[in-house]
Number of protein chains: 2
Amino acid sequence: MPEQSNRKQQILQTAAHLFRQRGYQAASMRDIANAMQIEAASLYHHIKSKEEILESICFEMAARFITGIHEVNDIYFNAEEKLRTAIRNHVTLITQNQARSAVFLYEWRSLPEASLEKFKEMRNDYEEGFRQIVKQGIEEDIFNEVETKFAVLSILSSVNWINEWYSVEGKMSAEEIAQNISNFVMGGLRKRMVTDPDYKP
Amino acid sequence: MPEQSNRKQQILQTAAHLFRQRGYQAASMRDIANAMQIEAASLYHHIKSKEEILESICFEMAARFITGIHEVNDIYFNAEEKLRTAIRNHVTLITQNQARSAVFLYEWRSLPEASLEKFKEMRNDYEEGFRQIVKQGIEEDIFNEVETKFAVLSILSSVNWINEWYSVEGKMSAEEIAQNISNFVMGGLRKRMVTDPDYKP
DNA sequence: CATAATCCCTAACAATTGTTAGGCAAATAT
DNA sequence: ATATTTGCCTAACAATTGTTAGGGATTATG
């Protein structure tokens, strides 16, 4: 009795692509079914409703993001290293699950009110993980004094933008992107100056 | 014979709020009409179609953003000052037209294919304005060597995120926000170090 | 006052939406 | 071999969608 059939995951994947492409509201059940070469009614043997699809995707991704940031906050010590690792995790998660990430990032607004609240809590959990890192950096006197919440939102928005233009065939690898963003962000935070652009911590 | 009746602007404003709140697809003509205490059919004496509403909002805002960046690129000389002014213009435009800006930023995906292409061109124009500034900064040896396109997208995503959390009643003014973001971004770009967090250019 | 324009209404349309009911066929388990 | 589960089908539903037709007021213009 597997928790999730293989077929359900196929539906989630197909739906994620369509939700990303056209938005949750604009992508119909018939669109999803059509992409799977199936009739719309057949979907309902694997899922309860369209909203359940959205919820599954959003909460699964939220859980993965949160797991990542918790691991970072538990293991690494130095704030800069923590931040760089957290960003790398984030970029990796996005580039390796572009469709589902897009849904997590932009389509959660369509969640039913019941789940919406819980989702926002989880997203706040994730942001809180970053806020802790920035605070730690300030306490360690490595980062400039900044409005923590403000800095975190700036960082996350930068990282999330990847989803708009990253493509697997592009010339930048996920690793390179993560490093670029990290450098950029660290420039905005770190106290010590870096004149050498090739500087690596 | 005014190009745009007053009533049409009211429709655009109401629609913008609903498009922002629920998304373009989810907000129906009856929702818009209802918010105006009017019947849905009555809207069609002022606008041609729902898509025309979206187009009006998107292109009007695009024009305003572009005007802003062109003015900056024509008048100011120093790259840092240009960038700070461009960011301030952007923040001002967003905070003073939050609903319409949200539509411009996030709902343009629903534009019909015909307008979509032109819209993307305009958005690219706007980004190109920022790219010029960053390039100028590198040439002037004020900015670090960075992937220009990359830096610009990072900057814009940071600035655009404002729309998610800015509220008129909040404690930060548009001016303060612009300064905060500018400082943060400049930290990531500028060659010279700033140890004093209260530093002003 | 007459004429035109502006603004909104009711009623209805065709299409599309998410979803359910009930059934057929193949694979799996007993 | 029988029973059960799994996966998909056709057909249809009620609701909602954007939009049009045609008409009745109220306001501005001559």
Side-chain angles (χ1 to χ4, degrees), chain A residues 1-59 103 107-116, chain B residues 1-59 103 107-116:
Chain A
M1 194 199 273
E3 263 290 317
Q4 293 212 14
S5 74
N6 187 27
R7 203 71 177 133
K8 174 163 181 178
Q9 280 302 325
Q10 287 178 40
I11 293 178
L12 295 189
Q13 192 60 24
T14 311
H17 273 100
L18 287 168
F19 289 172
R20 186 197 181 200
Q21 206 171 85
R22 312 180 196 177
Y24 172 77
Q25 302 278 356
S28 74
M29 294 298 276
R30 284 168 179 82
D31 289 335
I32 300 172
N34 198 41
M36 300 185 70
Q37 310 224 41
I38 262 179
E39 291 303 310
S42 307
L43 294 169
Y44 286 84
H45 280 246
H46 306 279
I47 50 111
K48 256 194 327 207
S49 65
K50 191 188 179 187
E51 280 183 346
E52 195 212 45
I53 298 181
L54 183 63
E55 286 174 339
S56 295
I57 299 174
C58 286
F59 284 102
V103 175
E107 302 301 327
W108 57 267
R109 290 194 313 163
S110 300
L111 283 170
E113 241 185 299
S115 355
L116 189 59
Chain B
M1 195 197 273
E3 263 291 317
Q4 293 212 12
S5 73
N6 187 27
R7 203 73 178 130
K8 175 162 179 179
Q9 280 300 325
Q10 286 178 39
I11 293 178
L12 295 188
Q13 192 59 25
T14 311
H17 273 102
L18 286 168
F19 289 173
R20 185 195 181 199
Q21 206 171 83
R22 312 181 196 175
Y24 172 76
Q25 302 278 356
S28 73
M29 293 298 275
R30 282 168 180 83
D31 289 335
I32 300 172
N34 199 41
M36 299 184 70
Q37 310 224 39
I38 262 180
E39 291 304 310
S42 307
L43 295 169
Y44 287 85
H45 282 242
H46 304 93
I47 50 110
K48 255 193 328 208
S49 65
K50 191 186 179 188
E51 280 183 346
E52 196 212 45
I53 299 181
L54 183 62
E55 285 174 339
S56 295
I57 299 175
C58 286
F59 284 102
V103 175
E107 303 300 327
W108 57 267
R109 290 195 310 164
S110 299
L111 283 170
E113 241 184 300
S115 356
L116 189 59

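Only this structure's heavy atoms are used, side chains among them; waters, hydrogens and symmetry mates stay out. Numbered from 1 within each chain, the chains take letters A, B, ... in sequence-line order. Note that the coordinates shown come from a computational prediction; the quantities given were computed from them, not determined experimentally.
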Checking B:E107 side chain against B:Y24 main chain: does a donor-acceptor pair fall under 3.5 Å?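 It does hold such a pair.
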
Between [N] atom [atom2] and [X] atom [atom1], what is the distance in whole Å?
{"X": "A:R30", "N": "C:dA15", "atom1": "CZ", "atom2": "C1'", "result": "11 Å"}
{"X": "A:L18", "N": "C:dG18", "atom1": "CG", "atom2": "P", "result": "12 Å"}
{"X": "A:K8", "N": "D:dT6", "atom1": "NZ", "atom2": "P", "result": "14 Å"}
{"X": "B:Q25", "N": "C:dA15", "atom1": "CD", "atom2": "C1'", "result": "15 Å"}
{"X": "A:N6", "N": "D:dT5", "atom1": "CG", "atom2": "P", "result": "21 Å"}
{"X": "B:I11", "N": "D:dT19", "atom1": "CD1", "atom2": "C1'", "result": "14 Å"}

Heavy atoms only: give me the nearest A:A16-A:V103 pair and the separation to one decimal. O-CG2, 3.8 Å

Which atom of A:R109 lies closest to which atom of B:R22, heavy atoms considered: NH2-C, 4.5 Å

Given side-chain contact (heavy atoms from CB on, under 4.5 Å), test A:F59 with A:S115 step by step and report yes or no. CA-CA 9 Å; A:F59 284 102; A:S115 355; 3.7 Å; yes

Looking at residues 33-51 of chain A, who's got a heavy atom less than 4.0 Å off DNA chain D?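 Residues of residues 33-51 of chain A that come under 4.0 Å of DNA chain D are, in numerical order, A:I38, A:E39, A:A41, A:S42, A:H45, A:H46.
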
A:A26 near the nucleic acid: base, sugar-phosphate alone, or nothing, with a heavy-atom cut-off under 4.0 Å?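 The answer is nothing, as A:A26 stays clear of every strand by at least 4.0 Å.
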
Please walk me through it: do A:S49 and A:E52 pass side-chain contact (heavy atoms from CB on, under 4.5 Å)? CA-CA 5 Å; A:S49 65; A:E52 195 212 45; 3.7 Å; yes

Ignoring backbone atoms, test whether B:R7 places a side-chain nitrogen or oxygen under 4.0 Å from the OP1 or OP2 oxygen of C:dC8. yes

Establish, with yes or no, whether the OP1 or OP2 oxygen of D:dT16 is under 4.0 angstrom from a side-chain nitrogen or oxygen of B:S28.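 B:S28 to D:dT16 OP1/OP2: no side-chain N or O under 4.0 Å.
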
Output side-chain donor-acceptor pairs under 3.5 Å for residues 33-48 of chain A, partner residues at least two apart or in another chain, one line each.
| residue | atom | partner | partner atom | Å |
| --- | --- | --- | --- | --- |
| A:S42 | OG | A:E39 | O | 3.4 |

